[in-house]
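Only one structure is covered here, and it is reproduced in the block below.
Convention: sequence-line order gives letters A, B, ...; per-chain numbering from 1. Computation of the quantities below employed the complete heavy-atom set of this structure, encompassing side-chain atoms and omitting hydrogens, waters and symmetry-equivalent molecules.
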2 protein chains.
Amino acid sequence: MARAGVTAERLTEAAAELADEVGLENLTVSELARRFGVKDASLYSHIRNAHELRVRVAGLALAELADLAAAALAGRAGKDALVAFAGTYRDYAREHPGRYTAMQVDLDPDTEAAGAARRHSDMTRAILRGYSLAEPDQTDAVRLLGSVFHGFVSLEMAGGFRHHPRAADESWSRMLDTIDVALRNWPAERAEPDASHG
Amino acid sequence: MARAGVTAERLTEAAAELADEVGLENLTVSELARRFGVKDASLYSHIRNAHELRVRVAGLALAELADLAAAALAGRAGKDALVAFAGTYRDYAREHPGRYTAMQVDLDPDTEAAGAARRHSDMTRAILRGYSLAEPDQTDAVRLLGSVFHGFVSLEMAGGFRHHPRAADESWSRMLDTIDVALRNWPAERAEPDASHG
DNA sequence: AGCTTTTACCTAGGAGTCCTAGGAAGAGAA
DNA sequence: TTCTCTTCCTAGGACTCCTAGGTAAAAGCT
């Protein structure tokens, strides 16, 4: 009887694929074993439990997406970089919904997955170099960008924009226009009401 | 033997409570039955399946939150309304993480839960009355607000802001300042690159 | 009050998943 | 070739979801 050649890496990769197909909540150890032509119990020498499987998928996704975002960012600056970076997130979520969902799991700080998470915030900071924001505004802006990207993608995935004729693509690009303007007009510590601009 | 007096409503309420305690992913029919002092099979005369339980929790949360938001909105306008509305979302997510997570489930359009979802977007539109935006910009702005609120709350819940000294509260209020400014300076159809402002 | 109808809850059980314990067989090293 | 390590196995317990069919309590009717 030849062996199936299961390793933690191949397992993680296959788990990511499976999660994209059936949704993260339907990612099961049993089905994964079935795809490797192996009994479910056999997988527990490679992974500790089902939760670890999800954490591994999260780590994979975080690293993959960081690579894609880095590539998209190369040679771009300012709004150009903003749009490219944001587009990478949205495209990744559309192509890999299971992996994207996995990224939201609560991972402990000192794993390599947390390192990938750090790359994301570093890249977001890099985008902000085009907008000259000092701390602590920079951190606030990083969080704003993260919120906007993730929020839109998350709502779109959940079907929140499906029941209105306005195309999500349009709203997406107008939102990025708005954020671009907002970053250039970053308000001072106390923002005075000022309607004279529009 | 006295009956436990289970109804779909009491079940949904208890399910929401349970989800808040142990997380939506750990909401099980069995545990719910246990809390009612009843066998799990007995619950299936009240609910169709475990998924319907989650959908019901989503509907409950959507309606609850809509009521809270409406109350917060009463008598406020402009940025005041924006901040109050946003705060209601964040507070609700902190107090009811299970219910909040449930709201993200993909619910079909013609249930009463979808009606509650509609109330949310209507209220968001109401906030925008203070910023005089015409369609289709208004829809884009509704989606921007939804993205920003949900994105921040979601990342905060996932622990995304825990490993940085800057307090999430600060970032939150600065984000709302920024969004307020952005809504007042809503860009025209084609935003020209313009770095002369900062 | 007695009768019927409804329904809340039950027992029994199958199917699926997660995970542990301990054993057997393949693959590489001595 | 034999020893050792690792991969994969069988067996099985605990839990969850859900169905089918039965019993008893409540509610409605005469």
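- Between B/F36 atom CZ and C/dC10 atom P the separation is 13 Å, expressed in whole Å.
- Contact annotation for B/N49: backbone-only contact, meaning every heavy-atom pair under 4.0 Å involves sugar-phosphate atoms and none involves a base.
- When each of A/L60, A/V57, A/L18, A/T7 is paired with A/E13, the side chain to side chain contact (heavy atoms under 4.5 Å, CB included) condition holds for A/L60 and for no other.
- Spacing between atom CG of A/L11 and atom P of D/dT6 amounts to 18 Å, rounded to whole angstrom units.
- Residue B/R34 has its side chain nearest to D/dT16 when only C/dT17, D/dT16, D/dT10 are considered.
- In this structure, the CG atom of B/L43 is 12 Å from the C1' atom of C/dC10, given to the nearest Å.
- The residues A/R90 and A/E156 are annotated as salt-bridged, a charged nitrogen and a carboxylate oxygen being separated by less than 4.0 angstrom.
- Each of B/R94, B/H120, B/H150 was compared with B/Y89 under the side chain to side chain donor-acceptor pair (under 3.5 Å) criterion, and only B/H120 meets it.
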*Before giving the answer on salt bridge (charged side-chain N to carboxylate O under 4.0 Å, His left out), spell out for A/R35 and A/E21 the whole-Å C-alpha distance, their side-chain angles and the decisive distance to 0.1 Å.*
CA-CA 13 Å; A/R35 298 202 169 191; A/E21 289 173 31; 3.0 Å; yes
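- If you measure from atom CG of B/N26 to atom C1' of C/dT17, you get 14 Å, rounded to the nearest angstrom.
- The main-chain N or O of B/R174 is never found under 3.5 Å from a side-chain atom of B/E170 such that the two would form a donor-acceptor pair.
- Taking atom NZ of residue B/K39 and atom C1' of nucleotide D/dC18, one finds them 16 Å apart after rounding to whole Å.
- For A/V38, the listed nucleotide lying nearest its side chain is D/dC9; candidates were C/dT20, D/dC9, C/dT11.
- Closest approach to the B/A50 side chain among C/dC10, C/dC18, D/dC17 is made by D/dC17 (side chain taken as heavy atoms from C-beta onward).
- Across the protein-nucleic acid pair, A/E31 atom CD and C/dC19 atom P stand 16 Å apart, rounded to whole Å.
- Side chains of B/R143 and B/S121: a donor-acceptor N/O pair is absent below 3.5 angstrom, by distance only.
- Look at CG on A/L32: it is 13 Å from P on D/dC8, rounded to the nearest Å.
- In this structure, CG of A/D40 is placed 14 Å from C1' of C/dA21, rounded to the nearest angstrom.
- At least one side-chain nitrogen or oxygen of B/S30 sits closer than 4.0 Å to the OP1 or OP2 atom of D/dC17.
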Using a cutoff of under 3.5 Å, can you pull out all pairs of nitrogen or oxygen atoms linking the protein to nucleotides 6-8 of chain C, with atom names and distances?
{"from": "C/dT7", "atom 1": "O2", "to": "B/R3", "atom 2": "NH2", "distance (Å)": "3.4"}
{"from": "C/dA8", "atom 1": "O4'", "to": "B/R3", "atom 2": "NH1", "distance (Å)": "2.3"}

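- Neither A/L24 nor B/V105 shares a network with the other; the hydrophobic side chains, linked directly or stepwise wherever heavy atoms of I, L, V, M, F, W or Y lie under 4.5 Å apart, form separate groups for each.
- Distance from the side chain of B/Y44 is smallest to D/dC17 among D/dA20, D/dT10, D/dC17.
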